[in-house]
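Just so you know, these numbers use all the heavy atoms, side chains as well, and skip hydrogens, waters and symmetry mates. Residue numbers count from 1 along this sequence. Just so you know, ligand 1 is whichever comes first in the structure, and atom 1 is the first atom listed for that ligand.
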Amino acid sequence: MKALMPRIEISLSQIRHNAQVLSELYGRQGISLMGVSKAVLGDPAIAQAMIEGGVKFIADSRIENIQRMKNAGVSAQFVLLRTALSQAESVIENVDISLNTELETIKALSHYASLHNKIHQIIVMVELGDLREGVLKCDLSQFIKKTLALSHIKIVGIGCNLACFGGIKPDNNKMHELSQLADEIEKEFSIDLEIISGGNSANYQWYEASEKVGRINNLRLGESILLGCETVNRKLIPGLQANAFKLIAEVIESKDKPSLPFGESCQNAFGSVPSFLDRGIRRRVIVALGRQDILVSGLKPSDDLEILGSSSDHVVLDSNNYDLKVGSEVKFSLDYGGLLAAMTSPFINKQFVDYA
Ligand SMILES: *Cc1c(COP(=O)(O)O)cnc(C)c1O
């Protein structure tokens, strides 16, 4: 069979391995994991590999992805990471636990939960400085009080999200702050918070450096499981596989050309006037892949190849004078942005390379 191109090759055994190593690592201090599936659009086989690796929950930001996994028979506790008021009824129908920060939305959830005869579980997200989602600390007590008054909502935990928007580190201070808030809320309202969700793939350094994790007993991990790295410095976590995903594209032109464009300069397809270094005549290679498919800055070519630039449907590489043949394959590894875009492109075939 002729291999399809472009394609993304996915190793389920590597993903399962990563989930397993991380489950054991964090499990040593009583921290359970949510496997975050949004970067892979809720691919059911990948979610299954995470579950086999030991994650207790599957979390996604989109209901459509959760529906996709449920329809495929994936069985887990499903967590919605991003809750929209307009989707309240669908949240109740499809999701076990949702992350929330707005009373309006939680009221709507309670309303639909009562219509569907359900009790909906929520985790209240607290703002600890990264300035994406979260209830401010000064508003938290009132927020909890009003939420507890809703008949069909159960607060199962609190959480925070750092290192996503504002680039604020999840350090000991932040985790201590979240632990303290958990204690305070439990005391003030005489409730038990089962889940204290301290963050995401950026929490690795904190975990490794701290002897005590306080009340933190859950993390939501996407990138660490999928790409094997933490996300404060994007370093590989010891024992994890970094290449569960490989992007492969076809060479459609391979020629010796000057390294400087010739003629009168003007804007390129994306509105900028590019500049180039004169390195004389070089072997240039074009692969059938473009900005419509991929975040080109998220691609790392193997061997000695270097990306010179790209347009909607072409990526141009310097092959270091290596004679790549038309029709041959070029392999790239991916960062999170590259993975996200590649998984979302309808033009990139998704291929599982092992079923072990
Ligand atoms: C995407 C997301 C995560 C996962 O982040 P990673 O850096 O991929 O581990 C965790 N929590 C929330 C709220 C998210 O939106």
Side-chain angles (χ1 to χ4, degrees), residues 15 18-19 21-23 25-26 31-43 46-47 50 53 55-66 77-84 87 91 95 97-102 105 122-135 156-170 174-175 178 195-208 216-237 240 242 244-245 295 298 334-344:
I15 294 165
N18 286 354
V21 171
L22 290 165
S23 295
L25 174 76
Y26 286 114
I31 294 180
S32 70
L33 297 185
M34 296 180 179
V36 175
S37 52
K38 66 192 183 202
V40 295
L41 275 60
D43 184 286
I46 295 175
M50 290 180 175
V55 310
K56 291 278 173 294
F57 309 80
I58 293 291
D60 203 294
S61 49
R62 294 170 199 260
I63 295 177
E64 294 85 342
N65 292 345
I66 290 177
Q77 288 250 89
F78 285 99
V79 179
L80 186 66
L81 296 169
R82 186 192 70 177
T83 311
Q87 296 184 320
V91 174
V95 171
I97 304 174
S98 61
L99 272 45
N100 284 279
T101 61
E102 287 289 354
T105 306
I122 66 166
I123 292 174
V124 175
M125 296 298 280
V126 186
E127 177 60 66
L128 290 185
D130 199 55
L131 295 183
R132 205 179 72 179
E133 74 274 34
V135 177
V156 291
I158 61 171
C160 71
N161 197 54
L162 294 161
C164 253
F165 183 80
I168 296 300
K169 248 194 207 176
K174 299 292 183 194
M175 292 303 105
L178 190 67
I195 302 174
I196 314 298
S197 191
N200 51 43
S201 296
N203 282 56
Y204 175 76
Q205 281 189 334
W206 156 76
Y207 181 75
E208 284 293 278
I216 310 304
N217 64 7
N218 178 264
L219 291 174
R220 312 171 303 274
L221 302 184
E223 189 163 344
S224 298
I225 297 177
L226 299 170
L227 297 177
C229 62
E230 51 82 34
T231 54
V232 167
N233 299 308
R234 294 255 153 28
K235 286 217 180 83
L236 186 71
I237 294 173
L240 297 195
F245 298 87
L295 183 70
L334 297 164
D335 71 7
Y336 194 74
L339 176 64
L340 200 61
M343 290 302 291
T344 309

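Salt bridge E133/R82: absent, no basic N to carboxylate O contact under 4.0 Å.
The E223 neighbourhood of ligand 1 comprises atoms 6 (P), 8 (O), 9 (O), with distances under 4.0 Å to a heavy atom of that residue. If you number the atoms of ligand 1 from 1 as listed, the ones under 4.0 Å from a heavy atom of V36 come out as 4 (C). The distance from ligand 1 to the heavy atoms of E133 drops below 4.0 Å at these ligand atoms: 13 (C).
Ligand 1 has no nitrogen or oxygen under 3.5 angstrom from a nitrogen or oxygen of S224. Between G222 and ligand 1, at least one pair of N/O atoms sits closer than 3.5 Å. Checking only distances, N200 never comes within under 3.5 Å of ligand 1, N or O to N or O. Considering backbone and side-chain N/O atoms, T231 never comes within less than 3.5 Å of an N/O atom of ligand 1.
One option in E230, K38, R220, R82 has a heavy atom closer to atom 2 (C) of ligand 1 than any other, and that option is K38.
Contact annotation for L221 and ligand 1: only backbone heavy atoms (N, CA, C, O) come within less than 4.0 Å of the ligand.
Interatomic distance, S23 OG to L33 CG, rounded to the nearest 0.5 Å: 4.5 Å. Interatomic distance, CG of L41 versus CG of D60, reported as 8.0 Å (0.5 Å rounding).
Nearest heavy-atom pair, L295 versus A341, reported as atom, atom and distance to 0.1 Å: N-CB, 3.6 Å. Contact between L81 and R220 at its shortest, heavy atoms only, is CD2-CD, 3.9 Å. Between V95 and S98, the closest heavy-atom pair is CG1-N, 4.3 Å.
Residue M125 places every heavy atom at 4.0 Å or more from ligand 1.
Protein heavy atom in closest approach to atom 9 (O) of ligand 1: S201 OG, 2.5 Å.
Under a 3.5 Å cut-off, the side chain of T101 and the backbone N or O of G134 do not form any donor-acceptor pair.
With a 4.5 Å cut-off on side-chain heavy atoms, K56 and N218 do not count as touching.
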